[in-house]
Number of protein chains: 2
Amino acid sequence: MTNEHHTPAGAALTGLVLEIFRLNGRLLAEGDRLMAGTGLTSARWQVMGAIHFASKPQTVSWLARNMGLTRQAVQRVVNDLEGEGLVAFQENPAHRRAQLVTLTQKGQAAYAGADQRQVPWANDLAEGFDAAELEQALELLRGIRDRLEAVRG
Amino acid sequence: MTNEHHTPAGAALTGLVLEIFRLNGRLLAEGDRLMAGTGLTSARWQVMGAIHFASKPQTVSWLARNMGLTRQAVQRVVNDLEGEGLVAFQENPAHRRAQLVTLTQKGQAAYAGADQRQVPWANDLAEGFDAAELEQALELLRGIRDRLEAVRG
DNA sequence: TCCTAATTGACAACATACTGTCAATACTCA
DNA sequence: TGAGTATTGACAGTATGTTGTCAATTAGGA
């Protein structure tokens with residue numbers, strides 16, 4: 001596997017990787033545009049989503065692992081959100097330092113408002129695409145990520 | 001299209017978007033790890049790749065459009081690369097301010113070295129995946145990006 | 001119990017990308 | 001030709017993510 005040329009799959013994967021970089025940028029820009037005026041951004045929406053979808057209040061470290069980001073990145077966003085009253089910290093009986101993060105009422109309202117924008121946006125953008133094909137692509141990307149994470153943490 | 005719930009395709013697309021965010025982070029980290037010791041990073045490798053694959057020397061603005069980034073982001077990276085002697089500016093007969101960017105010999109060597117690492121990495125990661133399936137996913141992502149760019153610049 | 005290792009939050013430094021603004025330059029068309 | 005528009009690079013400010021380091025805390029094994 002140390003040839004100097006890409007295999008067909010290697011070439012396709014490289015193209016896919018470059019497309020992911022481009023699409024990522026586009027999607028972040030689109031998300032920021034979509035959330036303009038709500039006080040939220042793509043990054044904040046994602047963090048609040050992770051809090052929202054957790055079955056119970058979780059620590060920053062847990063959220064970071066769940067999102068595939070570093071503790072520090074999530075911590076900074078969470079601290080910002082806390083400063084704006086969108087999330088709050090709860091005492092964690094299991095760990096004195098690692099507090100649990102929850103959405104405040106204001107945070108829940110903001111997240112619901114964001115969702116009201118995201119749902120029609122996603123439905124519109126998905127119009128014309130085949131759901132099964134989207135699912136298939138999602139599975140493929142998951143497989144790639146699993147493989148990346150299997151090699152090294 | 002302003003329902004309060006996702007359509008099947010809308011839900012699949014939303015999952016795909018979140019997976020793209022995660023995979024993007026993973027891939028950037030992997031790229032930085034892969035290039036460790038070469039003096040390059042994922043971002044620099046991408047910019048140098050855009051210069052390398054252009055049929056002729058291009059301006060920073062052209063490169064930015066080609067990569068789906070802002071002028072300013074690419075400009076900063078290019079300036080850094082120029083500071084390290086990896087790229088050089090050429091006079092542009094067609095535009096006094098907008099100079100053309102080229103890889104120096106040192107830059108070409110660095111890019112070739114990076115490629116020697118990227119090729120086996122991509123081939124290894126692609127092992128076990130179907131090239132046609134990877135191509136199909138790539139086409140789908142391109143379609144989504146086209147649609148995003150069609151709506152607004 | 002006690003030593004060691006892993007986890008966690010805090011802090012600092014940095015890389016990468018964004019927006020906004022400005023002046024210089026190029027382009028278009030009346 | 002000349003006025004208005006678009007593009008471009010430069011600069012500043014900000015958001016988001018990284019790595020590295022440190023101390024506090026927790027967990028696990030001898």
Side-chain angles (χ1 to χ4, degrees), chain A residues 21-37 39-48 50 58-84 89-101 152-153, chain B residues 21-37 39-48 50 58-84 89-101 152-153:
Chain A
F21 288 152
R22 285 184 177 177
L23 192 47
N24 180 75
R26 275 286 165 191
L27 288 170
L28 285 178
E30 189 68 9
D32 288 346
R33 191 188 64 81
L34 188 63
M35 297 305 165
L40 294 186
T41 61
S42 291
R44 294 177 171 203
W45 174 72
Q46 282 178 253
V47 169
M48 292 176 76
Q58 299 285 1
T59 64
V60 167
S61 283
W62 187 95
L63 294 169
R65 277 192 301 271
N66 185 249
M67 299 178 65
L69 297 178
T70 59
R71 286 179 293 126
Q72 293 88 332
V74 176
Q75 184 81 54
R76 192 179 43 66
V77 173
V78 167
N79 288 346
D80 288 351
L81 291 173
E82 197 245 354
E84 294 175 26
F89 292 112
Q90 264 183 15
E91 296 244 325
N92 183 354
H95 197 302
R96 198 184 305 179
R97 292 192 79 184
Q99 295 179 292
L100 302 174
V101 187
R152 23 188 322 132
Chain B
F21 288 153
R22 285 184 177 179
L23 192 48
N24 180 74
R26 275 287 164 190
L27 288 170
L28 284 178
E30 190 68 8
D32 288 347
R33 190 189 64 81
L34 189 64
M35 298 304 164
L40 295 185
T41 61
S42 291
R44 293 176 173 205
W45 174 71
Q46 282 178 253
V47 170
M48 292 176 76
Q58 299 286 0
T59 65
V60 166
S61 284
W62 187 95
L63 294 169
R65 276 193 300 271
N66 185 250
M67 298 178 66
L69 297 178
T70 59
R71 285 179 294 126
Q72 294 86 335
V74 175
Q75 185 80 55
R76 192 185 43 69
V77 172
V78 167
N79 288 345
D80 287 353
L81 290 173
E82 197 245 352
E84 295 176 24
F89 293 112
Q90 264 183 16
E91 295 245 326
N92 183 354
H95 197 303
R96 196 183 307 177
R97 292 192 78 185
Q99 295 179 290
L100 302 174
V101 187
R152 22 187 316 123

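Not measured: the values here are computed from a predicted model. Sequence lines set the chain letters: A, B, ... in the order given, protein chains first and strands last, and positions in each chain run from 1. Computed from heavy atoms alone, side chains included, the values below leave out hydrogens, waters and symmetry copies.
You'll find the side chain of Arg44(B) reaches within 4.5 Å of the side chain of Glu84(B), heavy atoms only. Annotation: side chain of Leu34(A) is not in contact with side chain of Trp45(A) (no heavy-atom distance under 4.5 Å). Between Gln46(B) and Met67(B) there is a side-chain heavy-atom pair separated by less than 4.5 Å. Using a 4.5 Å cut-off on side-chain heavy atoms (C-beta onward), Phe21(A) and Leu28(B) make contact.
Residues satisfying the side-chain hydrogen bond (donor to acceptor under 3.5 Å, both in side chains) test with Ser42(B), not counting sequence neighbours, are Asp32(B). Taking Asn24(A) as the reference, nothing meets the side-chain hydrogen bond (donor to acceptor under 3.5 Å, both in side chains) condition, with sequence neighbours excluded.
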For nucleotides 10-13 of chain D, print each protein N/O atom paired with a nucleotide N/O atom at under 3.5 Å, atom names and distance only.
| from | atom 1 | to | atom 2 | distance (Å) |
| --- | --- | --- | --- | --- |
| dA10(D) | OP2 | Gln75(B) | NE2 | 3.1 |

Produce the list of close N/O pairs, under 3.5 Å, pairing protein atoms with atoms of nucleotides 13-15 of chain C; give distances to one decimal.
none

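Note that the CE atom of Met48(B) and the CG atom of Leu40(B) stand 5.5 Å from one another [nearest 0.5 Å]. The OG1 atom of Thr41(A) sits 9.5 Å away from the CE atom of Met35(A) when rounded to the nearest 0.5 Å.
Across all strands shown, Ala73(A) has heavy atoms under 4.0 Å from base atoms, whether or not it also approaches the sugar-phosphate. If you check every strand for non-hydrogen atoms under 4.0 Å, Ser61(A) touches sugar and phosphate atoms only.
Here the shortest heavy-atom pairing between Arg71(B) and Ser61(B) reads CD-OG, 3.2 Å.
Closest contact between the side chain of Val77(A) and the listed nucleotides dG9(C), dG9(D), dG17(D) involves dG17(D).
Regarding Glu91(B), its CD atom lies at a distance of 16 Å from the C1' atom of dA26(C), rounded to whole Å. In this structure, Met67(A) places its CE atom 7 Å from P of dG17(D), rounding to the nearest Å. Atom pair Leu69(A):CG and dT16(C):P shows a separation of 17 Å (rounding to whole Å applied). As a whole-Å value, the separation of Leu63(B) CG from dG9(D) P is 9 Å. When the P atom of dT18(D) is taken as reference, atom CE of Met35(B) falls 19 Å away, rounded to whole Å. If you measure from atom CZ of Phe21(A) to atom C1' of dT16(C), you get 12 Å, rounded to the nearest angstrom. If you measure from atom CD of Gln58(A) to atom P of dT7(C), you get 16 Å, rounded to the nearest angstrom. In this structure, the CG atom of Asp80(A) is 13 Å from the P atom of dA10(C), given to the nearest Å.
Ranked by how close their nearest DNA chain D nucleotide is to the 5' end, Thr70(A) and Asn92(A) are led by Thr70(A).
In this structure, the side chain of Arg22(B) engages the main chain of Asn66(A) through a donor-acceptor pair within 3.5 Å. Between the Asn92(A) side chain and the Leu100(A) main chain, no donor and acceptor come within less than 3.5 Å of each other.
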Let me check something: any side-chain donor-acceptor pairs from residues 72-83 of chain B under 3.5 Å, sequence neighbours excluded? List them with distances.
| from | atom 1 | to | atom 2 | distance (Å) |
| --- | --- | --- | --- | --- |
| Gln75(B) | NE2 | Asn79(B) | OD1 | 3.3 |
| Asn79(B) | ND2 | Gln75(B) | O | 3.4 |

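Side-chain N/O atoms of Arg65(A) include one lying less than 4.0 angstrom from OP1 or OP2 on dT8(C). For Arg96(B), no side-chain nitrogen or oxygen approaches OP1 or OP2 of dC27(C) to under 4.0 Å.
Helix bend of the helix from dT1(C)-dA30(D) to dA30(C)-dT1(D): the angle between its two end axes, each built from five pairs, comes to 30° after rounding to 10°.
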